[in-house]
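To find a chain, count down the sequence lines: A is the first, B the second, and so on, and within it residues start at 1. The figures here come from the full heavy-atom set of this structure, side chains too, leaving out hydrogens, waters and symmetry mates.
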Amino acid sequence: MGQFASFADFLAMGKHGLYVWLSYGIGLGIILYNVIAVILKKQQFFNEAKRRLRREQKL
Amino acid sequence: MKIKFPLWFYQLASPKWFYDITGKLLPWFSSAALLLLTIGSVWGLMFAPPDYQQGNSFRIIYIHVPSAILAQSCYMLMAVAGAIGLIWKIKMAHIVAKSCAPIGASIAVMALATGAIWGKPTWGAWWVWDARLTAMLILFFLYLGVLALSSAFENEASGDKAAAVLALVGLVNIPIIKYSVEWWNTLHQPATFKVTQKPAMPAEMWIPLLIMVIGFYCFFAAVLMARARIETLEREKRSEWVKTVVENA
């Protein structure tokens with residue numbers, strides 16, 4: 001496995017496993033947060049806009 | 001004197017044109033980001049050789065350096081867009097500036113957090129009040145200030161202007177971050193990449209880093225476009241073209 005003898009070695013990262021995986025976890029977490037936040041914002045806008053449009057059409 | 005820009009540059013100022021063109025670009029940037037970030041992470045985590053001094057903790061570089069670069073680029077874009085909005089009263093520029101702030105703040109958190117985690121095994125401390133680290137923390141606070149100001153006013157245009165002025169004043173922090181490692185004695189190591197020099201590390205270490213940097217930029221472009229598109233729809237919701245977009249959604 002690349003630079004590592006085994007999968008256990010890969011997870012251990014020498015003695016720095018905690019630091020490395022915590023950093024990559026934070027990186028992934030913040031990337032996903034950005035993606036999810038923008039998707040929610042989009043849904044919220046379209047839900048409201050559709051409701052407004054229906055109300056206008058009724059009048 | 002009159003400067004002539006290409007046509008697309010003027011078209012960018014049109015909300016509908018911006019919405020249409022970013023709709024076409026968005027899937028490309030999203031796929032590129034996903035591909036590059038996956039390749040870069042696997043390469044950096046598994047195949048790059050360990051550092052001869054730091055061992056495997058050095059692999060944090062593949063998150064830390066791209067996020068630190070991006071946090072600053074995003075700030076510069078936000079300030080420039082704010083200035084364009086202030087000077088030429090272009091509403092799309094303010095939309096872009098406003099969309100930069102939450103993304104930049106989150107990326108600054110990423111740079112600070114991964115830096116702290118990297119500092120612990122390398123320097124023996126999570127945090128030191130060092131010039132580079134403090135300037136980066138100020139960058140994060142500037143993002144928060146811009147975020148707060150842009151939504152603090154009843155009138156949207158006032159919020160846009162106030163946020164743009166703060167972003168421009170805060171621009172002075174960017175060269176301070178860049179040169180902090182040269183002006184002051186610091187624990188922080190100097191720049192990994194310089195345009196004028198060959199990187200001081202072997203290719204199998206810096207190629208994945210370059211891939212990650214480009215991947216982060218693609219990710220930023222995608223999220224920024226997505227955010228700016230929604231902000232555009234919200235601000236233009238009374239126009240006919242937005243009603244058509246909503247009807248067809």
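For the residue pair A:Ile30 and B:Val109, the shortest heavy atom distance occurs at CD1-CG1, 4.0 Å. Nearest heavy atom pair, residue B:Ile117 against residue A:Ser23, reads CG2-OG, 3.4 Å. For A:Lys41 against B:Glu231, the heavy-atom pair with the smallest separation is NZ-OE1, 4.0 Å. For the residue pair B:Val246 and A:Ala49, the shortest heavy atom distance occurs at CG2-CB, 3.6 Å. The two atoms that bring A:Phe45 and B:Glu234 nearest to each other are CD1-CG, 3.4 Å, heavy atoms only. Residues A:Phe4 and B:Leu45 share a closest heavy-atom pair of CE1-O, 3.2 Å.
There is no contact between B:Ser67 and chain A, counting heavy-atom distances below 4.5 Å. Both the backbone and the side chain of B:Val245 come within less than 4.5 Å of a heavy atom in chain A. Both the backbone and the side chain of B:Phe47 come within less than 4.5 Å of a heavy atom of chain A. Contact of A:Phe10 with chain B is made through the side chain alone, with heavy-atom distances under 4.5 Å. Using a 4.5 Å cut-off between heavy atoms, B:Ala222 does not touch chain A at all. Contacts between A:Gln57 and chain B at a heavy-atom distance below 4.5 Å involve the side chain alone, from C-beta outward. Residue A:Leu18: no heavy atom, backbone or side chain, is found under 4.5 Å from chain B.
Under a cut-off of 6.0 angstrom, the local environment of OH in A:Tyr33 is sparse, with at most 12 non-hydrogen atoms contributed by other residues, nucleotides or ligands. Within 6.0 Å of the NZ atom in B:Lys91, the count of heavy atoms belonging to other residues, nucleotides or ligands does not exceed 12. Other residues, nucleotides and ligands contribute more than 12 heavy atoms inside 6.0 Å of the OH atom of B:Tyr19. Surrounding CH2 of B:Trp127 are more than 12 heavy atoms belonging to other residues, nucleotides or ligands, all under 6.0 Å away.
Counting heavy-atom pairs closer than 4.5 Å to chain B, the top residue among A:Lys15, A:Gln44, A:Lys50, A:Glu48 is A:Lys50. Ranked by heavy-atom pairs shorter than 4.5 Å toward chain A, the options B:Gly55, B:Pro49, B:Ala113 are led by B:Pro49. Among B:Phe216, B:Phe58, B:Tyr62, the residue with the largest count of heavy-atom pairs under 4.5 Å with chain A is B:Tyr62. With chain A as the partner, the residue from B:Val223, B:Ile103, B:Leu233 showing the most heavy-atom pairs under 4.5 Å is B:Leu233. Among A:Gly14, A:Gly27, A:Ala37, the residue with the largest count of heavy-atom pairs under 4.5 Å with chain B is A:Gly27. Contact count versus chain A (heavy atoms, under 4.5 Å) is highest, among B:Pro121, B:Ala249, B:Ser99, B:Ser41, for B:Pro121. Interface check for chain B: of the options A:Val35, A:Leu22, A:Leu53, the most heavy-atom pairs under 4.5 Å are formed by A:Leu53.
Atom NE2 of A:His16 and atom CD of B:Gln54 lie 8.5 Å apart (nearest 0.5 Å). Rounding to the nearest 0.5 Å places CD1 of A:Ile31 at 4.5 Å from CE of B:Met110.
Listed for the A:Tyr19 side chain is no donor-acceptor partner under 3.5 Å among the backbone atoms of B:Ile60.
Proximity of A:Gln3 to B:Glu204: side-chain heavy atoms (C-beta onward) are nowhere separated by under 4.5 Å.
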